[in-house]
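Written out below as structure tokens is the structure these notes cover.
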4 protein chains.
Amino acid sequence: MGGEQRRKELIALAYSIIAEKGFEGLRVRDVASRAGINGATLHYYFPTKEAMVQAVVEHLTEQFSTLREQNSELTDPLAMLRQEFADVTYRMEKFPELFIVAAELELRSLRDSSIAVILKEMYQAWQDYLAALLQNGVTQKVFRSDLDVQTTAIAITTLIRGLGSQLGSEKGDQISRIATQVEQWIMA
Amino acid sequence: MGGEQRRKELIALAYSIIAEKGFEGLRVRDVASRAGINGATLHYYFPTKEAMVQAVVEHLTEQFSTLREQNSELTDPLAMLRQEFADVTYRMEKFPELFIVAAELELRSLRDSSIAVILKEMYQAWQDYLAALLQNGVTQKVFRSDLDVQTTAIAITTLIRGLGSQLGSEKGDQISRIATQVEQWIMA
Amino acid sequence: MGGEQRRKELIALAYSIIAEKGFEGLRVRDVASRAGINGATLHYYFPTKEAMVQAVVEHLTEQFSTLREQNSELTDPLAMLRQEFADVTYRMEKFPELFIVAAELELRSLRDSSIAVILKEMYQAWQDYLAALLQNGVTQKVFRSDLDVQTTAIAITTLIRGLGSQLGSEKGDQISRIATQVEQWIMA
Amino acid sequence: MGGEQRRKELIALAYSIIAEKGFEGLRVRDVASRAGINGATLHYYFPTKEAMVQAVVEHLTEQFSTLREQNSELTDPLAMLRQEFADVTYRMEKFPELFIVAAELELRSLRDSSIAVILKEMYQAWQDYLAALLQNGVTQKVFRSDLDVQTTAIAITTLIRGLGSQLGSEKGDQISRIATQVEQWIMA
DNA sequence: GATGAATGAGCATTCATTCAT
DNA sequence: AATGAATGAATGCTCATTCAT
């Protein structure tokens, strides 16, 4: 449908405006004008600004889970962990908005429980995936036997989330050095 | 000075409002009314809202560097690292706003370079302190010899910053578990 | 167009408020409420108060040059000069705001060069017209041969501008007496 | 008295601010700060802003009548008229604020009858002086016999008032050219 | 005389939202 | 689907004025 297409366009535009200017700088009119439509028309697609934001949240979770689905053929825990870091590095360079918008949403989730729920779910899935991966590595004796997999999963996701929302041109280097460190730490 | 006192009160109030509602929810009028004064009176202390925010930023950096100064008598690297985690845990429980406001500022720093400068300085001091601590530990053979101290310092600060701005009742436990893990990882 | 109509209405209302209360007394809200619309709606037509004022300036120049265009069929210099005074008298009685707003703008032009430019152009055209008229009269020996036409043109326009912004019920008489004097002075 | 001195200083400062920025730009605080005192202190000298403005009006009338008193020894009508133009030229160059503030007040007098009264008195005195001068010249057959002295007096004052509030670097030349013209016109 | 602190009323402007067309 | 026009409720900020000290 043309209508559904436009809706998606609007969501993507709102998404990039949030990345650019934060939630603070998100204006219904701006989203509309970037799409070449009238501000009033936008309300045809979203009854309210809040509804648009909700759609952006959903958009983010989709973006977030896109890559993981494709790498499911790997089985080697270390390779999978490395792939994880590679994914993140790739996304940080290609789609830095992803991390910025995520950070904006995390902050917002402190006051908006509906966002909190969705975000929690999103990050939980990531953590679970990592925890399973790590557990697998422990079982295969690739990773050290005294590893607290749950805590490590939390640590890795938190680390990555934090790195993502920080700025810096040498981000790619940084993350690869951190990846190397983490590997060293958890390897048997 | 009565005037200076009120100024500080206003900064503290703005600070807590930012923690509660984010920058998005910061209203000059709200700060004023919480202080029991007229909105116009606030402009007697701060010519502009932006000036007030700047004062809040300075307030945050002061808050941030308060505790570290007191623990300077320690010399044992491991004890110092543990103290670092203990400090953070203490602050997260007693002054969770600290981390929330910091996270708000981090996001804002993406668009406001004057904030970026101050934050960078603030975190850099922390990282330098940690790096020195870790290096000391490596030299004393308390920490493993293949430790990349710079990267580890970045990892630890990023980890803590990330944990601080996440919510959750069991935060204290989480951080102590992570502390234990990190210890295990970096010890010789 | 309904929209263009309203825009003109707003300009006319701002124009009369300036005539009534001066620039000092011009309030966006007042203009809006006289038009029966919300203050915010006015900003739909003019992005800023300053833009509205600019539109008023343009309105004034249009008003100012309206009559002259109609009298272009006259050729006798004396008749044309008399017509000029008659025009002014007519306008002073029918549209006294014209002169008051013009005087307000003249004062404002001392600090706002964009207004200065427009006013200068407006008055220059008038002076040029008068100078040509006077020169014609000199050539035709209707006016005295030692007449400094440029200076006289300046004197007459300045005189009229000054009279216009002065108040007084007997203005009509005054101007006709002055007209008679000026005639006497410049006639051969 | 030191107090009376300061009062005069404040009036002079308000006077120059009006010349600079118009009534629109007159701020009690600005006047005070230029005098190096607190805005509240100014209210010790003037109960209200309006009272200060009234004092400025009086100041203007004093300024206005200063020069005339000194030239009373002249008796030749033509010399006196020339002196009048010379005075005006001198003032326009040395104290252009005089004419600007006068123009501001003229406009204000349209809405403030108390100012209108004072201004009318001020200009009337000038007109009366000029009318007497002209009448004297007619009697002495220096000026043409068909001169309408009242009207001419009005015309000359209006002309000068108008020239004064117009801007332009070549003002001095302009006024002397006009003076020459007027002389030519009214001489026998 | 002078000031710091406070205030109320007001001001231009912004913004999400509504609705007839 | 789309828009022009409108609105109410805010928002940051200004300013003359007040008053205790």
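We name chains A, B, ... by the order of the sequence lines, and we start the count at 1 in each one.
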* Check whether any side-chain heavy atom of Val101(B) lies under 4.5 Å from a side-chain heavy atom of Leu105(B), and answer yes or no. => yes
Between CZ of Phe23(A) and P of dA16(E) the distance, given in whole Å, is 13 Å
Ranking dC13(F), dA16(E), dC11(E) by distance to the side chain of Arg29(C), first place goes to dC11(E)
Could you run down the sub-3.5 Å N/O contacts of the protein with nucleotides 18-21 of chain F?
none

Residues 49-58 of chain B vs side-chain hydrogen bond (donor to acceptor under 3.5 Å, both in side chains), sequence neighbours excluded, gives Gln54(B)-Ser114(B)
Taking dT21(F) as the reference, what is the distance to dG1(E) when you measure between their P atoms (whole Å, please)?
23 Å
Rounded to whole Å, the CD-C1' distance (Glu24(A) to dA16(E)) equals 17 Å
Per-residue pairing states of DNA chain E in dot-bracket (Watson-Crick or G-U under 3.5 Å; . unpaired, | other strand) read .||||||||||||||||||||
Discussion item. For dT17(F) and Thr48(D) - does any side-chain N or O of the residue sit under 4.0 Å from the phosphate oxygens OP1/OP2?
Written reply: yes
**Prompt:** Looking only at atom types and distance, does a side-chain atom of Ser113(A) sit under 3.5 Å from a main-chain N or O of Ser109(A), one as donor and one as acceptor?
**Reply:** no
Decide yes or no on side chain to side chain contact (heavy atoms under 4.5 Å, CB included) for Leu107(A) and Glu104(B), but give the supporting numbers first. CA-CA 7 Å; Leu107(A) 237 22; Glu104(B) 289 277 352; 3.4 Å; yes
Min side-chain heavy-atom separation Met52(C)-Tyr45(C) under 4.5 Å: no
- Task: Go through the steps to decide whether Leu119(A) and Glu106(A) satisfy the test side chain to side chain contact (heavy atoms under 4.5 Å, CB included), and finish with yes or no.
- Result: CA-CA 7 Å; Leu119(A) 241 53; Glu106(A) 279 176 60; 3.6 Å; yes
Note: contacts of residues 49-58 of chain D with DNA chain F (heavy atom, under 4.0 Å) are Lys49(D)
In whole angstroms, the gap separating P of dG4(F) from CG of Leu10(C) amounts to 18 Å
Table please: side-chain donor-acceptor pairs of residues 32-43 of chain D below 3.5 Å, with sequence neighbours left out.
from     : atom 1 : to       : atom 2 : distance (Å)
Ser33(D) : OG     : Asp30(D) : O      : 3.3
Arg34(D) : NH1    : Glu20(D) : OE2    : 3.1
Arg34(D) : NH2    : Glu20(D) : OE1    : 3.1
Asn38(D) : OD1    : Ala40(D) : N      : 2.7

Between CZ of Phe46(D) and C1' of dC15(F) the distance, given in whole Å, is 18 Å
Atom CD of Gln5(B) and atom P of dG4(E) are separated, to the nearest Å, by 18 Å
Taken to the nearest 0.5 Å, the spacing of Ile115(B) CD1 from Phe23(B) CZ works out to 5.0 Å
In whole angstroms, the gap separating C1' of dG12(F) from OH of Tyr45(B) amounts to 19 Å
| dA2(E) phosphate, OP1 or OP2, under 4.0 Å from Arg6(D) side-chain N/O | yes
The nucleotide from dT7(E), dG1(E), dT3(E) with an atom nearest the side chain of Ile37(D) is dT3(E)
Among the nucleotides dG4(E), dT17(E), dA5(F), whichever has the atom closest to the side chain of Tyr44(C) is dA5(F)
* Quick one: does Phe46(C)'s side chain get under 4.5 Å of Ile11(C)'s, heavy atoms only? -> yes
Whole-Å distance, Asp30(C) CG to dA9(E) C1', equals 14 Å
Looking only at side-chain N and O atoms, does Thr41(C) come under 4.0 Å of OP1 or OP2 in dT7(F)?
-> yes
inquiry  = In the structure I gave you, are the side-chain heavy atoms of Leu98(D) and Tyr15(D) within less than 4.5 Å of one another anywhere?
reply    = yes
Sorted by chain and number, sequence neighbours left out, side chain to side chain donor-acceptor pair (under 3.5 Å) with Arg108(B) holds for Glu24(A)
Side chain to side chain contact (heavy atoms under 4.5 Å, CB included) between Val53(D) and Leu26(D), worked out = CA-CA 10 Å; Val53(D) 169; Leu26(D) 179 64; 4.0 Å; yes
By nearest-heavy-atom nucleotide on DNA chain E, the more 5' of Arg27(C) and Leu42(D) is Leu42(D)
When rounded to whole Å, the CZ to P distance for the pair Arg7(B) and dG4(E) reads 15 Å
